[in-house]
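Counting starts at 1 for both ligands and their atoms, following the listed order. Sequence positions, counted from 1, serve as the residue numbers for this chain. It should be emphasised that the depicted structure is a prediction, and the values quoted were computed from it without experimental measurement.
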Amino acid sequence: MAKYVFITGGVVSGLGKGITGASLGRLLKDQGIKVTMQKFDPYLNVDPGTLNPIEHGEVFVTDDGLETDLDLGHYERFIDEDLSAASNVTSGKIYEAILKKERHGDYHGKTTQVIPHVINEIKSRFYKSDDDKEVAIIEIGGTVGDIESEPFIEAIRQFSYEVGKENVCTVLVTLVIYLRSSSEHKSKPTQMAIREMMKMGVMPDVVVCRSELPISDEVKGKIALFANIKKERVIQNIDLDSIYEVPLALKKEGLDQRVAEILKLDLKKSDHKEWLKVIHNMHNCNKKVTIAIIGKYIKLHDAYLSVVEALKHAGYYYQTTVDIKWIDAEDIESKGAEHYLSDVDGAIVPGGFGLRGIKGKIEAITYLRVHKIPFLGICLGMQLALIEIMRNVALQKDADSVEFNAHTSCPIISLMPEQMKVKDLGATMRLGAYKCRLVKDTLAYRLYQKEIISERHRHRYEVNNDYRKILNENGVILSGLSLDGRIVEMIELSDHPFFIATQAHPEFKSRPDHPHPLFKGLIKAAEHLKRV
Ligand code: GLN
């Protein structure tokens with residue numbers, strides 16, 4: 001049977017429970033344990049797909065096409081495993097399932113209640129496996145004490161009893177506040193969080209204390225006493241410059257060892273070589289490039305989290321610091337592209353939905369194309385690149401996507417014929433991993449160094465195949481097509497040093513120790529531009 005680590009949060013949200021869990025996952029995986037991760041979110045949205053990126057950050061997409069919380073991206077980047085639709089469960093999803101069962105008569109007329117129905121539904125979604133070398137690290141969103149997260153804590157209590165306490169380790173990630181005026185740490189809020197958990201019948205086995213400065217033994221002792229645990233199980237997790245430093249910092253504090261003791265795991269020796277290399281490169285960057293991200297959700301950088309991380313990974317690979325220049329596409333509309341882009345070494349137009357900012361993004365692409373500045377277009381970024389070329393190179397001034405102009409005379413980006421028959425927009429998104437065949441002798445092929453690739457998608461519109469010929473005639477190489485040849489997946493320009501775009505979201509597959517080829521390509525091209 002699998003073993004379980006539940007990660008809960010105390011005092012305040014935003015303490016990096018996800019990073020703590022993912023770091024533990026990486027440490028265990030490097031030491032021979034199979035790990036998987038799940039996130040249970042207490043909010044009522046059925047999935048995060050419809051949440052506003054400004055409010056909630058990016059929507060991450062799994063291979064099997066689930067739109068998930070951005071924490072899943074961190075999990076994948078740290079543990080280097082592809083997760084699935086079972087990895088992100090929201091209260092909304094739980095209630096949706098229960099109400100469907102109730103309508104279907106599955107509960108045989110019994111009153112449908114939080115206990116047992118909601119709790120049972122939660123428990124049934126905790127990862128299952130017969131492999132005792134496998135550890136599922138399960139993060140519970142929110143903070144203990146929130147009304148919404150109570151059912152999840154109750155589910156942990158019942159589940160621990162059912163699978164045996166020896167198979168479960170509960171980690172509370174909490175904040176230890178530092179009072180500057182009196183130069184001391186205060187553990188009271190942490191004590192309250194521990195008490196709150198205990199009230200619900202769950203004892204934390206390990207307490208991870210986030211804090212600005214090192215915590216004294218005395219404070220650790222207080223927390224240990226309160227939680228009924230040995231002092232070694234109070235682990236400090238001090239603010240660091242980069243999230244990628246967290247795994248090895250937590251190892252130094254013994255987090256992996258404590259969890260292994262509790263779950264009786266045999267850890268093989270590991271020097272965490274690959275991770276160390278990433279950290280080494282990160283600290284030894286001797287070059288610098290500036291990459292623009294031209295978007296419309298730039299107020300919250302988390303809206304482009306995976307793009308930012310993918311840029312960092314590629315930067316580490318080349319020991320190059322990547323400075324991101326955030327550009328609001330609407331500002332380009334008022335001040336012009338030159339004003340913002342004349343000093344960048346490369347640029348990304350990332351994914352997006354809706355009309356706002358489109359004009360500015362297209363102006364930016366014109367500038368990047370004409371001035372031969374390295375450009376990577378992602379999803380909407382590819383669609384806009386083609387609109388730009390149709391308008392300004394092929395001189396079809398009305399060229400557009402039907403997303404922005406349903407009646408354009410030149411719908412270069414459109415719905416596929418079979419999608420047009422579907423009336424419900426929600427059902428027409430292409431989500432998850434799709435394979436693509438790259439054309440030999442293209443930039444795309446040189447970067448990926450293989451013919452068949454797989455990337456994750458999240459979009460509704462596609463390149464209109466009626467325009468393939470005219471695109472070709474205007475210097476666009478269709479460098480990647482779906483395996484059946486019907487869908488344009490990647491494009492590039494023949495007379496530009498690095499102008500490449502993809503209908504997919506390559507950022508979701510970049511890992512710190514395996515940077516993505518397109519991002520590597522962009523950084524290399526940007527460096528080259530800087531040198532010449
Ligand atoms: N809005 C575009 C579409 O739906 C692009 C989506 C995206 O960039 N993820 O096709």
Q.
For atom 7 (C) of ligand 1, what's the nearest protein heavy-atom neighbour? Residue, atom name and distance, please.
A. Cys379 SG, 3.1 Å
Q | Note: Glu309-Lys312 ion pair, threshold 4.0 Å (strictly below) | A | yes
**Q.** Selected option - heavy-atom contact closest to atom 5 (C) of ligand 1, from Pro350, Gly352, Ser401, Gly381
**A.** Gly352
Q | Heavy-atom nearest option to atom 3 (C) of ligand 1, drawn from Arg460, Met429, Arg458 | A | Arg460
Q.
Closer than 4.0 angstrom, basic N to acidic O: yes or no for Arg356 and Glu330?
A. yes
Q: Run the salt-bridge test on Glu76 and Arg456 with the 4.0 Å N-O cut-off and return the result as yes or no.
A: yes
Q) So among Arg26, Lys29, His514, which one has a side-chain hydrogen bond (donor to acceptor under 3.5 Å, both in side chains) with Asp80? A) His514
Q. Among all protein non-hydrogen atoms, which one is nearest to atom 10 (O) of ligand 1, and what is the separation to 0.1 Å?
A. Tyr461 N, 2.8 Å
Q: Compute the ring centroids of Tyr244 and Phe78, then answer whether they are less than 6.0 Å apart.
A: yes
Q) Which option out of His505, Glu403, His459 puts a heavy atom nearest to atom 2 (C) of ligand 1? A) Glu403
Q) Is the closest N or O pair between Leu380 and ligand 1 shorter than 3.5 Å? A) yes
Q) Does at least one non-hydrogen atom of Gln383 fall below 4.0 angstrom from an atom of ligand 1? A) yes
(Q) Are the side chains of Tyr4 and Val135 in contact, using a 4.5 Å heavy-atom criterion? (A) no
Q: Determine, using heavy atoms of Glu462 and all atoms of ligand 1, whether some pair is separated by less than 4.0 Å.
A: no
Q: Report yes or no: is the cationic atom of Lys287 (NZ for Lys, CZ for Arg) closer than 6.0 Å to the six-membered ring centre of Tyr318, at no more than 45° off its axis?
A: no
Q: Please say whether Gly354 places an N or O atom under 3.5 Å from an N or O atom belonging to ligand 1.
A: no
